[in-house]
Undergrad: 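My structure is below; once you've seen it, I'll send some questions.
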Amino acid sequence: MATVEATKDSTQQVSRHQEVGHKSLLQSDALYQYILETSVYPREPEPMRELREITAKHPWNLMTTSADEGQFLHLLLKLINAKNTMEIGVYTGYSLLSTALALPDDGKILAMDINRENYELGLPVIQKAGVAHKIDFREGPALPVLDQMLENKEMHGSFDFIFVDADKDNYLNYHKRLIDLVKIGGVIGYDNTLWNGSVVAPPDAPMRKYVRYYRDFVIELNKALAADPRIEISQIPVGDGITLCRRII
């Protein structure tokens, strides 16, 4: 009987652990659930809860930022008094909304994504939250936009915070450009730098095709960031891993 009950509890734990954006590397699902129910959900702004629930119904919902990471970014932006920010990779806009709610009323976010349709799924919630005026959304690849900004010397060092959560195979290409666009003392956040834990898995370990494809790019980025003398870094096991880079020179 005890074995049956234990199996039942385990099944319930797994089934309840389908929260949108759940990518936690915590060994205990129950511990992650505790964090969500104790610290995250009770303080989650209503617009973010609404957008999280809308995103949960989307077939690609694994792409979204987790609720605990959204809370972390929101607090971080307030701690550094960010005003001018950039986001590469928007999806339905959960992290974007978290940022917009954290910025002052005259704050700005340059948001770039190749898919406007996904962004427009969350746009009504963003508009209802009264923060859409802070967002300059650009549909299309980010690299040409970054190159254009780099041609303008006034754009160098103009961003307080930049969040990157797009195509992992371009992370290093982004970093080569963003390091000049973020101000000294500003922060760049690279998402998914632990990549489902695959960064420590043997090369021949079984893994999903998309995980395997991006794995080496993420490993290469992590090594490059650790060796970059222009930044201070901290790799944090929130969500799927986020590495914060503070520009120092």
Side-chain angles (χ1 to χ4, degrees), residues 8-82 85 87 89-105 107 109 111 113 118-132 134-135 161 163-165 187 189-197 234-244:
K8 186 177 180 182
D9 290 344
S10 176
T11 302
Q12 288 177 342
Q13 183 173 321
V14 171
S15 64
R16 74 184 298 198
H17 210 9
Q18 302 301 318
E19 283 82 1
V20 173
H22 165 54
K23 304 164 188 169
S24 174
L25 297 174
L26 289 173
Q27 292 184 359
S28 167
D29 279 356
L31 187 56
Y32 182 63
Q33 194 69 31
Y34 174 84
I35 293 171
L36 291 176
E37 294 180 357
T38 305
S39 301
V40 180
Y41 291 158
R43 304 301 296 268
E44 184 180 36
E46 177 59 25
M48 292 182 65
R49 183 197 62 77
E50 183 179 354
L51 182 51
R52 176 168 55 82
E53 292 179 351
I54 290 172
T55 305
K57 301 172 184 176
H58 194 275
W60 301 341
N61 59 44
L62 187 66
M63 291 170 54
T64 194
T65 300
S66 62
D68 54 321
E69 185 174 352
Q71 183 185 63
F72 171 75
L73 292 173
H74 184 86
L75 181 59
L76 173 65
L77 286 157
K78 288 188 173 182
L79 288 172
I80 66 174
N81 295 314
T85 73
E87 182 161 332
V90 172
Y91 186 41
T92 61
Y94 188 81
S95 58
L96 183 64
L97 178 56
S98 177
T99 298
L101 290 170
L103 297 184
D105 193 60
I109 312 166
D113 199 291
N118 289 337
Y119 167 65
E120 290 181 346
L121 186 66
L123 184 56
V125 179
I126 293 171
Q127 291 171 332
K128 187 167 63 174
V131 293
K134 302 179 186 180
I135 300 169
F161 178 78
F163 184 59
V164 185
D165 187 17
V187 176
Y190 291 100
D191 202 16
N192 306 110
T193 58
L194 294 176
W195 200 230
N196 296 148
S234 179
Q235 190 171 28
I236 304 167
V238 173
D240 193 28
I242 177 172
T243 299
L244 299 181

Undergrad: List the atom pairs, with distances to 0.1 Å, where a side-chain N or O of residues 97-105 and a protein N or O form a donor-acceptor pair under 3.5 Å, not counting sequence neighbours.
TA:
from: Ser98; atom 1: OG; to: Gly70; atom 2: O; distance (Å): 2.7
from: Thr99; atom 1: OG1; to: Ser95; atom 2: O; distance (Å): 3.0
from: Asp105; atom 1: OD1; to: His133; atom 2: NE2; distance (Å): 3.2

Undergrad: Would a 4.5 Å heavy-atom cut-off, applied to side chains only, mark Arg52 and Tyr41 as touching?
TA: yes
Undergrad: For Asp68 and Tyr32, does a side-chain donor sit closer than 3.5 Å to a side-chain acceptor?
TA: yes
Undergrad: Of all heavy-atom pairs between Ser39 and Gln71, which one has the smallest distance, and what is that distance?
TA: O-NE2, 2.7 Å
Undergrad: Is the shortest side-chain heavy-atom distance between Phe72 and Leu244 below 4.5 Å?
TA: yes
Undergrad: Looking at every heavy atom in both Ser66 and Tyr94, which two are closest together, and how far apart are they?
TA: O-CE2, 3.8 Å
Undergrad: Please identify each residue that fulfils salt bridge (Lys or Arg N to Asp or Glu O under 4.0 Å) with Arg43, with sequence neighbours left out.
TA: none
Undergrad: Can you list everything that forms a side chain to side chain contact (heavy atoms under 4.5 Å, CB included) with Pro124? Sequence neighbours excluded, please.
TA: none
Undergrad: Output all residues satisfying side chain to side chain contact (heavy atoms under 4.5 Å, CB included) with Gln127, sequence neighbours left out; order by chain, then residue number.
TA: Leu123, Ala132
Undergrad: Does a donor on one side chain and an acceptor on the other come within less than 3.5 Å for Thr92 and Thr55?
TA: yes
Undergrad: Specify the closest pair of heavy atoms between Tyr91 and His58, including all atoms of both residues, with the distance to one decimal.
TA: OH-ND1, 2.9 Å
Undergrad: Please name all residues satisfying side chain to side chain contact (heavy atoms under 4.5 Å, CB included) with Leu31, sequence neighbours left out, ordered by chain then number.
TA: Leu26, Ser28
Undergrad: State which residues pass salt bridge (Lys or Arg N to Asp or Glu O under 4.0 Å) with Lys128; sequence neighbours excluded, sorted by chain then number.
TA: Glu50
Undergrad: Are the side chains of Ile135 and Tyr119 in contact, using a 4.5 Å heavy-atom criterion?
TA: yes
